[in-house]
Structures are given as structure tokens and as C-alpha cells.
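Here is the structure we will look at, set down as C-alpha cells.
The figures that follow rest on heavy atoms only: side chains count, while hydrogens, waters and symmetry mates do not. Residues: numbered from 1 along the sequence shown.
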Amino acid sequence: QVQLVESGGGLVQAGGSLRLSCAASGRTFSSYAMGWFRQAPGKEREFVASISWSGGSTYYADSVKGRFTISRDNAKNTVYLQMNNLEPEDTAIYYCARSRRIGVSHTPNEYASWGQGTQVTVSS
């Protein structure tokens, strides 16, 4: 029922910034928590950030705290990931996901719908 489409990825120098967007279809978008995950070549998918259904609570992986900010605009059915002070280690495909619940979570099993991903490449 829900389709997620990520955009905003690209090539950026270390220290630069990117803003990812996740556009969602469906009338129940605002009823679920949302999350961002990433996967580098040859590595497991890892949690990046999560935001509650209301936007009142957020949760970040230690590796991105202080650099990334997750936000949502339920009126626009859109979730954002502002990425500042990017590092080469941030290079990965970034995926947007909709949770099965309303609260924040870092566990992939809590997420029911996934986008196709957008590539982020950070040069040294």
C-alpha cells in the first residue's frame, strides 16, 4: 500500500553536505515511525536514524550523531535526512523505511516497507 522513493544522493567532497528526501504514498504515512538505513558494498545494512510518527522523538546511530538530522513533514508525506560534515565512511546506498510501529527503532524487523535507495559517495 505504501511506496517509498528516495532522492538527493550524489557525489560530495569530505566535509560537505547533502539532504536526502523520502517521498511516500498512502494516506496512513503519518501513523508510523520512519527510519533511514545505509549499506556499503560488501557490508551489512546498518541503522542510521529514526523518527517517531509525530516527529517528537528521534534516535541516531553513534557514528552520525551531531552530523545528521532526521525530520519529517507529514503534510507533504516526506521524510528528510540532512547530512553535514560528511566523511568517506558515510559512502553507501541510503534507504528510507516505514516502521510497523509509532515509536523510534533501530531494528530492521520493525520496518515493513522499504525504498529502493539512493547512492551517496563521499570523496576524500
message: What's the separation between atom OG in Ser113 and atom CD in Gln3, rounded to the nearest 0.5 Å?
response: 10.0 Å

field: Tyr111 side chain to Cys96 backbone, donor-acceptor under 3.5 Å
entry: no

message: Is the shortest side-chain heavy-atom distance between Gln82 and Ile70 below 4.5 Å?
response: no

message: Taking Val2's backbone N and O only, do any of them form a donor-acceptor pair with Ser25's side chain (distance below 3.5 Å, no angle check)?
response: no

- prompt: Should the heavy atoms of other residues, nucleotides or ligands under 6.0 Å from CD of Gln39 be counted, would the total exceed 12?
  reply: yes

- prompt: Quick one: are Val120 and Met83 in side-chain contact, heavy atoms under 4.5 Å?
  reply: yes

Output field: ring centroids Phe47/Tyr60 closer than 6.0 Å: no

- request: Look only at the side chain of Thr107 and the backbone of Ser105, and say whether a donor-acceptor pair between them is shorter than 3.5 Å.
  value: no

- prompt: Do Tyr95 and Glu6 come within less than 4.5 Å of each other through their side chains, counting heavy atoms only?
  reply: yes

message: Under 4.5 Å between side-chain heavy atoms, counting indirect links through other Ile/Leu/Val/Met/Phe/Trp/Tyr residues: same cluster for Tyr59 and Trp53 or not?
response: no

- prompt: Can you check whether Ser52's main-chain N or O pairs, donor with acceptor, with Arg72's side chain at less than 3.5 Å?
  reply: yes

message: With a 4.5 Å cut-off on side-chain heavy atoms, are Leu86 and Gln13 touching?
response: no

Nearest heavy-atom neighbours spanning Ala92 and Gln119: O-NE2, 3.4 Å

- request: Indicate yes or no for a side-chain donor-acceptor contact from Thr118 to the backbone of Ser7 under 3.5 Å, with no hydrogens or angles considered.
  value: no

field: Between Trp36 and Phe68, ring centroids under 6.0 Å
entry: no

- request: Supply the atom-to-atom distance Cys22 SG to Leu4 CG, rounded to the nearest 0.5 angstrom.
  value: 4.5 Å

Between CG on residue Asn74 and CE on residue Met34, distance to nearest 0.5 Å: 9.5 Å

- prompt: Is Ile51 reachable from Leu20 through a run of I, L, V, M, F, W or Y residues, each pair having side-chain heavy atoms under 4.5 Å apart?
  reply: yes

field: From CA spacing to verdict: side-chain hydrogen bond (donor to acceptor under 3.5 Å, both in side chains), Asp73, Thr78
entry: CA-CA 5 Å; Asp73 186 339; Thr78 303; over 6 Å; no

message: As an exercise, state the distance from CZ of Arg101 to OG of Ser50, rounded to the nearest 0.5 Å.
response: 12.0 Å

- prompt: With the 4.5 Å side-chain cut-off for hydrophobic clustering, are Val122 and Leu18 part of the same group?
  reply: yes

field: Rounded distance (nearest 0.5 Å) linking atom OG of Ser54 with atom CD1 of Ile102
entry: 8.0 Å

- request: Measure the spacing between NZ of Lys43 and CZ of Arg38 and express it to the nearest 0.5 Å.
  value: 9.0 Å

- prompt: Checking Arg67 side chain against Asn85 main chain: does a donor-acceptor pair fall under 3.5 Å?
  reply: yes

field: Close side-chain approach of Val48 and Leu81, heavy atoms under 4.5 Å
entry: yes

field: Shortest non-hydrogen contact between Ser124 and Ala14, atoms and distance
entry: CA-CB, 4.5 Å

